[in-house]
Amino acid sequence: FNIYAESVSNSEGENYKLGKIVGVKFGKLKDIGSWTLSVDNRELEKDSTVGLLADADSSGGGTDIRSTRISGAYQAAENFNISLTALSGKKSISSTTFSPNYQRMMLDFNYNY
């Protein structure tokens with residue numbers, strides 16, 4: 001069981017721009033049949049960091065986003081695991097205009113050699 005948090009701030013100019021991730025993770029992929037489940041919420045205010053370095057899966061990448069990530073993985077063999085990740089978020093959170101919700105689901109097959 002892990003609880004994690006990260007933050008970033010850009011103090012350039014008059015206003016502080018903040019970004020944060022807060023999440024929890026259960027389990028660890030180690031032996032065959034092991035599993036992991038994680039949930040996190042992330043928010044990056046506009047210009048809080050370099051948009052090129054932001055996670056591209058969360059709300060389409062860049063800054064000015066808010067998203068929730070739910071991920072689970074299963075260790076199917078010694079060198080092989082399967083993971084499923086669901087993301088739901090919103091871009092342009094600082095804007096007063098409507099921006100549609102962003103949703104993505106990813107299924108990954110991972111082989112380690």
Side-chain angles (χ1 to χ4, degrees):
F1 175 78
N2 293 318
I3 297 173
Y4 57 92
E6 291 183 40
S7 67
V8 64
S9 65
N10 180 357
S11 60
E12 187 70 29
E14 297 176 9
N15 300 324
Y16 282 99
K17 304 294 184 176
L18 302 173
K20 62 184 178 249
I21 299 173
V22 177
V24 63
K25 182 177 180 180
F26 300 94
K28 183 176 182 180
L29 295 180
K30 188 175 179 181
D31 300 320
I32 297 172
S34 60
W35 56 273
T36 184
L37 178 66
S38 65
V39 177
D40 67 49
N41 288 307
R42 51 190 67 211
E43 182 175 328
L44 279 176
E45 292 179 353
K46 187 175 183 177
D47 300 326
S48 60
T49 187
V50 177
L52 181 66
L53 301 177
D55 182 11
D57 294 329
S58 298
S59 301
T63 61
D64 203 19
I65 59 129
R66 181 179 299 127
S67 70
T68 299
R69 175 190 303 239
I70 301 170
S71 182
Y74 177 75
Q75 188 74 32
E78 185 177 338
N79 296 333
F80 179 74
N81 68 63
I82 301 168
S83 65
L84 180 65
T85 303
L87 295 129
S88 179
K90 191 169 188 91
K91 278 186 93 60
S92 303
I93 58 174
S94 65
S95 175
T96 57
T97 60
F98 174 76
S99 68
N101 289 335
Y102 178 89
Q103 296 183 352
R104 173 180 279 183
M105 188 167 284
M106 298 180 295
L107 178 64
D108 293 313
F109 299 94
N110 304 299
Y111 179 77
N112 299 318
Y113 55 93

dist Gln103:CD -> Ser88:OG (nearest 0.5 Å) comes out at 4.5 Å
So the side-chain hydrogen bond (donor to acceptor under 3.5 Å, both in side chains) pairs with at least one residue in residues 72-83 (sequence neighbours excluded) are Asn81-Asn110
Residues at least two apart in sequence or cross-chain that pass salt bridge (charged side-chain N to carboxylate O under 4.0 Å, His left out) with Arg42, listed by chain then number, are Asp40, Asp55
(Q) Regarding Ser48 and Asn10, do their side chains bring together a donor and an acceptor under 3.5 Å, going by distance alone? (A) no
In this structure, CG of Leu87 is separated from CZ of Arg104 (nearest 0.5 Å) by 7.5 Å
Distance col, row Ile65:CD1 vs Lys90:NZ, nearest 0.5 angstrom, shows 13.0 Å
For Thr68 and Asn41 the tightest heavy-atom approach is OG1-OD1, 2.6 Å
Between Thr85 and Ser71 the two heavy atoms that sit nearest each other are OG1-OG, 3.1 Å
Residues pairing under ring-ring contact (aromatic ring centres under 6.0 Å, His included) where one sits in residues 25-65, two or more places apart or in two chains, turn out to be Phe1-Phe26
Of all heavy-atom pairs linking Leu84 and Met105, the shortest is CD1-CG, 3.8 Å
Ile32 and Ala77 have their tightest heavy-atom pair at CG1-C, 3.7 Å
Rounded to the nearest 0.5 angstrom, the CD-OG distance for Glu43 and Ser67 is 9.5 Å
Smallest heavy-atom separation, Lys28 atom then Thr36 atom, equals N-CB, 4.3 Å
message: Within the 4.5 Å heavy-atom criterion, are Tyr102 and Lys91 side-chain neighbours or not?
response: no
